[in-house]
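Below: the structure, in C-alpha cells.
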Amino acid sequence: MADPIVRVDDLVVSFPSRTSKTPVEVISGADLTVERGSCVVIIGPSGCGKSTILSCIAGLTPYAGGSITVDGDRVDGPDDHSSVVFQHASLLPWRTVLGNVEFGLESRRQIPKKEIRARAMEAIEAVGLAGYEDHHPHQISGGMQQRVNLARAFAVRAPLTLMDEPFGALDALTKELMQDELIRLMSMVSSSTVFITHDIREAIYLGDKILVMSARPGTIIAEFDSPFGADRTRAMTEDRRFDELESSLRDLLGHTTEEVLT
Amino acid sequence: MADPIVRVDDLVVSFPSRTSKTPVEVISGADLTVERGSCVVIIGPSGCGKSTILSCIAGLTPYAGGSITVDGDRVDGPDDHSSVVFQHASLLPWRTVLGNVEFGLESRRQIPKKEIRARAMEAIEAVGLAGYEDHHPHQISGGMQQRVNLARAFAVRAPLTLMDEPFGALDALTKELMQDELIRLMSMVSSSTVFITHDIREAIYLGDKILVMSARPGTIIAEFDSPFGADRTRAMTEDRRFDELESSLRDLLGHTTEEVLT
Amino acid sequence: GSDDPAAEGDAAPTPISVYYTSPLAGYSIIQVADDQDLFPDDIDVSVEGGDSTVGVTLASSGRVQMYLNTAPMTENIAHGGAALAWAATWTEGMNTLFIGRNGVESLEDMKGRSLGIVQPGLTLSVIANDALIDAGLSQDDYKSVSLGTVPALAGAFAAGTVDGVVLDRITAQRLLSEVDGSVELFDYYDGTPFVGSGVSVNTDWLEENPEAATSFLEGLQAALDFMSENPEEAKKSISAMTGITDAAALDAAYQDFMDHSTDTLMPVSEEQMNASMRMLRNEGNDWATDEFGASVVIDPSYVEQALER
Amino acid sequence: MSAVTIETPPATAGPAPGRRRRTRKPASRSALSTRSRLLLGGAGLVGVIALWEIASRLGWVDPLVASSPSGVATSAVDLIENGTLLPAMGSTLRLFLIGFGISLGAGLIIGTLCGWYQRIDAVLDPWISILYASPRIAFLPLIAVWFGPGFLGQLVVVILIAVFPIIINVASGVRAIDRDHLRMAQSFGATNRDVLLKIALPGAIPAVASGIKQGMMQGLLGVVVAEYFLGNTGIGGLIFQAGLMLRTGEALLGAVIFAAAALALSSALRKVESKLDRWRTA
Amino acid sequence: MSAVTIETPPATAGPAPGRRRRTRKPASRSALSTRSRLLLGGAGLVGVIALWEIASRLGWVDPLVASSPSGVATSAVDLIENGTLLPAMGSTLRLFLIGFGISLGAGLIIGTLCGWYQRIDAVLDPWISILYASPRIAFLPLIAVWFGPGFLGQLVVVILIAVFPIIINVASGVRAIDRDHLRMAQSFGATNRDVLLKIALPGAIPAVASGIKQGMMQGLLGVVVAEYFLGNTGIGGLIFQAGLMLRTGEALLGAVIFAAAALALSSALRKVESKLDRWRTA
Ligand SMILES: Nc1ncnc2c1ncn2[C@@H]1O[C@H](COP(=O)(O)OP(=O)(O)OP(=O)(O)O)[C@@H](O)[C@H]1O
Ligand SMILES: Nc1ncnc2c1ncn2[C@@H]1O[C@H](COP(=O)(O)OP(=O)(O)OP(=O)(O)O)[C@@H](O)[C@H]1O
Ligand SMILES: [Mg+2]
Ligand SMILES: [Mg+2]
C-alpha cells in the first residue's frame with residue numbers, strides 16, 4: 001500500500017477551562033495512522049477524547065500541538081478530503097431524504113445541479129432507500145435515518161469517512177443490520193474509514209485495526225490488528241479469536257471505565 | 001413455589017386508529033405467567049407491543065379482552081402491586097436525587113414523612129448513590145440517573161417490578177455495570193420482575209424465562225427457560241449454552257425484525 | 001420661460017394641510033368645503049382629523065397650516081412659542097351646555113360636588129372652571145374628576161358618577177332628555193363670548209402665502225353659504241364628519257349648526273379674546289395678559305378680503 | 001438494606017374485579033371531546049350575551065352606557081344600510097394589510113440580520129429593546145409631525161407597534177441554530193451563506209410564526225390606535241366618533257369587529273403554520 | 001453504484017500548510033465577546049444621542065417639537081427641583097405594583113385552573129381570547145364609568161391589559177405537562193392533585209416566567225394608558241400634560257422613564273428566572 005491517508009503525530013488538544021485560567025489538556029500526544037482503504041476503530045471510555053480526535057481530523061476543532069495530515073495536506077479547517085457521520089443523524093427535518101443527501105454535495109465545490117441529483121440518488125440506492133427519496137425524516141425509522149446519514153457522507157465521495165458512534169443510538173438488532181450494511185458500503189466504495197465506538201463487539205466486527213484510548217487526558221494506549229481478513233460475516237462472532245480479542249479489550253477498558261463511572 | 005404473581009390470559013389490546021373507524025389490534029391473545037421471585041424477560045421487534053403489555057400489567061393502559069391478575073387482584077388501574085421503571089429515567093429535574101426517590105413513596109398510601117425519608121435513603125444506598133442525595137438530575141451521569149430510577153421503583157417495595165428497556169439508552173459498558181447492579185438488587189429484595197429489552201444478550205443474562213414476541217399484532221411466539229441458575233456472573237457469557245441460546249433467539253428475531261425495518 | 005406642459009398658465013396650487021381636533025358638527029364646514037370642492041384653484045387642501053394632543057404639536061410645528069379648534073388652545077400654543085394666530089371664527093360663543101344632576105340645580109349648587117372633565121387644561125375643563133368662578137365658587141369648592149375622553153365624560157354623567165359636566169350641545173341635550181333629574185345649568189352660547197369654532201393659521205406660513213390664506217378663507221365662506229342653501233347636501237357632510245346616521249338626529253345637528261353659526265366668517269373680536277385671557281388667568285397662567293391676547297388675533301383684513309371675493 | 005422485607009398486601013376477598021383497596025383516585029388526564037368543548041364554550045358565550053341583554057332590558061345596566069347585544073346588532077344593521085360600515089372596514093383593512101406587510105418584510109430582514117450578524121445585533125439590540133419597552137403612545141404627536149396625521153402617519157404607528165415582536169422572534173429563532181446541524185454543515189464545508197439560507201432560516205420557522213402571530217395581533221391594535229388618534233378613519237375612527245356622540249352600540253360594534261378579525265387571523269395563521277411545519281408533527 | 005470511483009483530488013505541491021484549494025470560506029460562528037457587544041451597543045447609543053443633540057442645536061429639527069437630549073435632561077432637573085417628578089414616580093410605581101400584583105395573582109390562579117380543568121378551560125377560553133384580541137382602548141370610557149376615573153378605574157385598566165398574557169402562558173405551561181412524567185406519576189398511583197402540585201406546576205416554571213415577563217411589559221403600558229386617560233396622574237399624566245402644553249422635553253422624559261423601568265424590570269426578571277430555573281441549565 002501507498003503512504004497512509006491519515007497521519008496524526010503527537011496531537012495535543014486543549015480546551016479553555018471554566019474554572020481555571022490554564023486550559024485543560026484533553027488529548028496529550030496521540031499518534032495514529034490510517035492506511036488507505038482500511039477501517040480504523042477507536043474505542044475508549046466516555047469522555048476520553050475520541051470525538052475530539054475525530055473532530056480535529058475533520059478540521060472542525062483546532063489543535064494546540066502536533067500535526068495532522070490527510071491525503072498529504074495539513075488539516076487546518078473543513079475540507080474536501082473527509083466527510084463525517086455523527087451519532088445523531090442530524091438530518092434537516094424540513095428536507096426530504098433526497099434533499100438531505102444533496103445537502104452534502106451542495107456544500108462541496110460547484111457541482112452542477114443535475115450531477116448532484118444523480119449522485120444523491122445513487123447513494124440513496126446504495127443504502128437501500130430507493131423509493132423513500134420524498135419522505136421527510138420524521139416519516140422514516142431511526143435506522144433508516146442513520147442510513148440517510150451514511151448516504152449523505154458517502155455521496156460526496158471523500159477519500160476518508162469519519163464516523164463518530166454512528167450506531168450508538170440504535171437498538172441491538174438494527175445496529176447489527178447497519179453494521180453489515182456499512183461493511184458492504186465500505187467494500188463498495190473502497191473508502192478509508194475512522195470509526196469511533198463504545199461497543200467492544202462492534203469494534204472487533206468492523207475494525208481492521210483497533211485503537212484503545214486511555215481516560216482523560218487521552219492517548220492511544222494499545223493497538224490491535226484484526227485477526228480476520230477483509231471478508232467479514234456474522235460467523236466471525238462465533239470464532240474463538242473473536243472472544244479472545246473481546247476479553248482482552250474488556251480487560252483493558254474495564255479499568256479505564258471504572259474510573260469514569262462513579 | 002406458590003401460584004404465579006402475574007397471570008395474563010388471552011390479552012387483547014387495541015388502539016383507536018387514525019385512518020379507519022375500526023380500532024387496530026396491537027396485542028391479540030397473549031398469555032404469560034410470572035412466578036414469584038423470578039425475572040421474566042420479553043424480547044421482540046420494535047413496535048410489536050412489548051411496552052403495551054407492560055403498561056397493561058401496570059394498570060396504565062386499559063385492555064379490550066382477556067384478563068390480567070397481579071398478586072391475585074384483577075388489574076384495572078394503577079395500584080400498589082407493581083412499580084414501573086421506564087426507559088427514560090423520567091426524573092423530575094427540579095427535585096434532588098432524594099426528592100425523586102421520595103416521589104414514588106409519597107404517591108403511595110399515607111406513609112409518615114419520616115418513614116418516607118428513611119426508606120428513600122435506604123434505596124439510595126442500595127443503588128450506591130449515598131452521598132449524592134442532594135444532587136439534581138443534571139448534575140449526575142446518565143448511568144447514575146438510571147440508578148435513581150431503579151431506587152425510586154425499589155423504594156416502594158412493590159411485590160412486582162416492571163422494567164421497560166431501562167438500559168436501552170446507555171452505552172455498552174455502562175449497561176453491563178447496570179445489569180450487574182440490577183441482578184444484585186433483585187436478589188437482595190427478592191422481587192419479581194418483568195423486563196423488556198431489545199438486546200438479546202441482555203435478555204439471556206438477566207432472564208429466568210425469556211419470552212419472544214412476534215411482530216404486530218403481537219403474541220408470545222416462543223418461551224425459553226434459562227439454562228443458568230440463580231447465580232449470574234459475566235462468566236456465563238463465555239458459556240457455550242449462552243452462545244447457543246443467543247443463536248436461537250437471533251434466528252427467531254431475525255425474521256420478525258427484517259419485516260419491520262426497511 | 002416655463003416649459004412645463006402641465007402648467008395651466010399659473011403656478012402649481014399651494015398645498016394647505018388642515019387639521020381638526022374632534023369630529024364635531026361645529027367643524028363640518030371644512031367637510032362641506034372639501035366634499036363640494038369649494039376651495040379656489042390656487043390652493044390644494046387636504047383635511048385630517050384626530051386627537052387634540054396630536055393637533056397641538058402639528059399646529060405648532062407648522063406641519064399643518066390651518067388648525068380648526070376652540071379657544072383658549074390656540075392662545076396656549078402660541079404662548080408656548082408656536083407661530084399661530086386666529087384667522088377667523090364662525091360662532092359668537094361656545095356651543096356647549098353646563099348640565100347637572102343629583103340635585104344640582106344651579107352653578108352655585110356645584111359647591112362641594114364633583115365636576116367631570118376630560119383632562120385638566122383642555123377646553124371643556126377651562127370653560128367649566130370659568131363658569132363656576134363666575135358664579136362665585138373657587139377651584140377648591142368642587143372636585144374636578146379627569147375622565148380621559150368625552151365618551152367617558154358623558155357616560156359618567158349618565159351613570160351619576162359626577163354631578164356636573166360641560167358638553168357639546170348635541171350630547172348634552174341627549175343626556176338631558178334621557179337622564180332623570182338632569183338640568184341645564186348654563187348655556188355658554190348665550191353667556192360667554194368665546195371662540196367656539198374657529199380656524200387658526202401658522203403665521204410663518206402666512207407671511208409667505210397671504211394669497212393662499214385668503215383663498216382658503218374664501219372656500220370656508222363658500223361652505224357656510226352652501227350649507228344654508230343646500231340643507232340635504234350639508235347633512236351628508238355632517239354625517240360623514242360626525243358619524244350621525246339617524247335622520248332625526250341629523251336634522252337636529254344641522255339645525256344646531258345653523259342656529260349657532262354666523263352668516264359670514266368673522267375676525268376674532270377683542271371681546272372674545274378677553275374672555276379667553278380671563279379663563280387662562282383662572283387656570284393660573286400669569287402670562288395671560290390682555291395684551292398678549294391681542295397678539296394672537298391677526299389682521300382682520302384677511303377675512304374682509306376673503307368676503308369681498 | 002440487606003434485610004428488606006416486602007410489604008405484601010393481603011389479597012382482596014374473592015372475585016371483586018371492580019373494587020380496589022385504595023381510596024385515592026389516581027390521576028387520569030383524558031381529553032375533553034371537541035364536541036363538549038364547543039358546547040361548553042358556546043353555552044358560556046350565549047349565556048353571558050343573554051344575561052347582558054336581559055340586564056339591559058330590565059334596566060340593571062344603563063343602555064346609554066353599556067348598550068346591549070341587540071343594540072350592537074342594530075348598529076351593525078344601520079351602519080351597513082347607510083353604507084358606512086363596509087367602506088370603513090375597507091379602509092381599516094387597507095391600513096392593516098399595508099402596515100402589517102411592511103412590518104413583516106422589515107421584521108424578517110432586520111430580525112435575520114440581527115440574529116445572524118452579531119455586530120449588527122450589538123448595535124441594534126439596545127435600540128430595539130428601548131423602543132419596544134417605551135410607551136409608544138407618547139410618540140404619537142411626534143409621528144404626526146414627522147409623517148403627517150394622514151395615512152402615512154397611521155402607517156408609521158402600525159409599523160412601530162407591529163414590527164418589534166417580529167424582529168425579536170425572528171432574531172432569536174435565527175440565533176438558536178441547532179448545534180448539531182451547524183457542525184454537520186461545517187463538516188461538509190458549507191459557507192456561512194449556506195448555513196444561513198439552508199439551516200438557520202428554515203429552522204427558525206416556528207419562531208418566525210410566533211413572531212408573525214404576535215406582530216399581527218399588535219398590528220391590529222396599532223390600527224385601532226392609529227385610526228383613533230390620527231385621521232379618524234376606518235373602524236378605529238368609527239369607535240372614536242361613536243364614543244364622542246355616546247353611541248355606545250356602535251363603539252362596541254367596532255370593538256367586536258376588531259376582536260373577530262383578531263380571532264380569525266390567529267386561527268388562519270395556526271392553519272398555515274401547521275401546514276408549513278408539517279415535518280415537525282413527528 | 002457498484003462502480004463507484006473516488007474522485008481523488010491531487011495533493012497540493014509541497015509543504016504549504018496554510019494554503020488550501022477551496023476558495024469558499026467555510027462557516028464559522030464564533031461568539032462576539034461581551035466587551036465588544038457593550039462597546040458597539042454603547043457607541044450606537046451615544047452616537048444617536050449626540051446626533052440628536054447636534055441636529056437640535058443646528059436647528060435641523062424643531063426643538064419645540066423634537067426637544068433634544070439636553071432639553072430632556074433640563075426637564076428632569078427642573079421637575080426634580082420643583083418636586084413634581086418624585087411624587088409622580090411614586091404614584092405610578094404604586095399603581096404598577098398593585099395592578100401588576102393583582103394581575104399576577106389572578107393570572108396564576110386562572111391560568112392554572114384553565115390549564116388543568118378542561119371544563120373550566122372550555123368555558124373561559126373563548127372569553128380570554130376575545131378579551132385579549134379586542135382593542136381594550138375602546139373600553140376605556142366604559143371602565144371610567146363603571147369603576148370611576150380614579151385609582152380603581154386605573155387599576156382595572158392595568159389589570160385588563162396585564163392579566164391575559166399571564167393567564168395564557170400559565171395555562172399553556174400547565175397544559176404541556178411532560179408525558180413521561182405523567183406516566184411515571186400514574187404508575188406510582190399519584191392522584192390528580194399530586195400531579196398538579198408536584199409535576200405540572202414546577203414543570204410550568206419557564207412558561208410562567210415568560211407570562212410574567214409579558215404581563216410586566218404590558219402592565220407598564222397599561223399604567224401609561226391608565227394614567228394618560230383616567231385621572232391624569234403620575235408619569236403618564238405628566239406625559240399628557242406636557243404634550244398638551246408643548247413641553248416636549250418633559251413628555252420625552254416620561255417616555256424615557258418608562259423605557260428605563262421596562263428594561264430594568266426585564267433584566268431583573270431574567271436574573272430571577274435563571275436562579276429559579278437553575279436545574280434547567282444542564
Ligand atoms: N468544547 C469543549 N470545551 C471544553 N471541554 C470540552 C469541549 N469538548 C469536549 N470537551 C471535553 O473533552 C473531553 C473529551 O471529549 P470527547 O467528546 O472527545 O469525548 P469522547 O471520548 O467522544 O466521549 P463520549 O464517548 O462520551 O462521546 C471531555 O472530558 C469533554 O468534557
Ligand atoms: N396510544 C396509542 N395509540 C395508537 N397506537 C399505539 C399507541 N401506543 C402504541 N401504539 C401502537 O401499538 C404498537 C405497539 O407499541 P409498543 O409501544 O407496545 O411497542 P414496543 O414493542 O414497546 O416497541 P419498541 O420496542 O419500539 O418500544 C405499535 O405499533 C404502536 O404504534
Ligand atoms: Mg464522543
Ligand atoms: Mg417499547
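Sequence lines set the chain letters: A, B, ... in the order given, protein chains first and strands last, and positions in each chain run from 1.
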Checking heavy-atom separations under 4.5 Å from chain D, one finds in residues 14-23 of chain C C/Tyr19, C/Tyr20, C/Ser22, C/Pro23

Reported CG-to-OG1 distance for the pair D/Asp78 and C/Thr245, which is rounded to 0.5 angstrom: 5.5 Å

Looking only at heavy atoms, which two atoms of C/Leu58 and D/Ala144 are closest? And how far apart? CD2-O, 3.2 Å

Using non-hydrogen atoms only, which part of C/Ala156 is less than 4.5 Å away from chain D: side chain, backbone, both, or neither? neither

Any residue of residues 164-174 of chain C which, by heavy atoms, sits under 4.5 Å from chain D: C/Thr171, C/Arg174

If every non-hydrogen atom of D/Gln241 is compared with every non-hydrogen atom of C/Met241, which pair is closest and at what distance? NE2-O, 2.7 Å

Which atoms of D/Phe147 approach chain C - backbone, side chain, both or neither, heavy atom under 4.5 Å: backbone

Using every non-hydrogen atom in the two residues, find where C/Ile244 and D/Arg247 come nearest and quote the distance to one decimal. CG1-NH1, 3.5 Å

If one checks every heavy atom of C/Ser61 against chain D at 4.5 Å, the contacting part turns out to be side chain

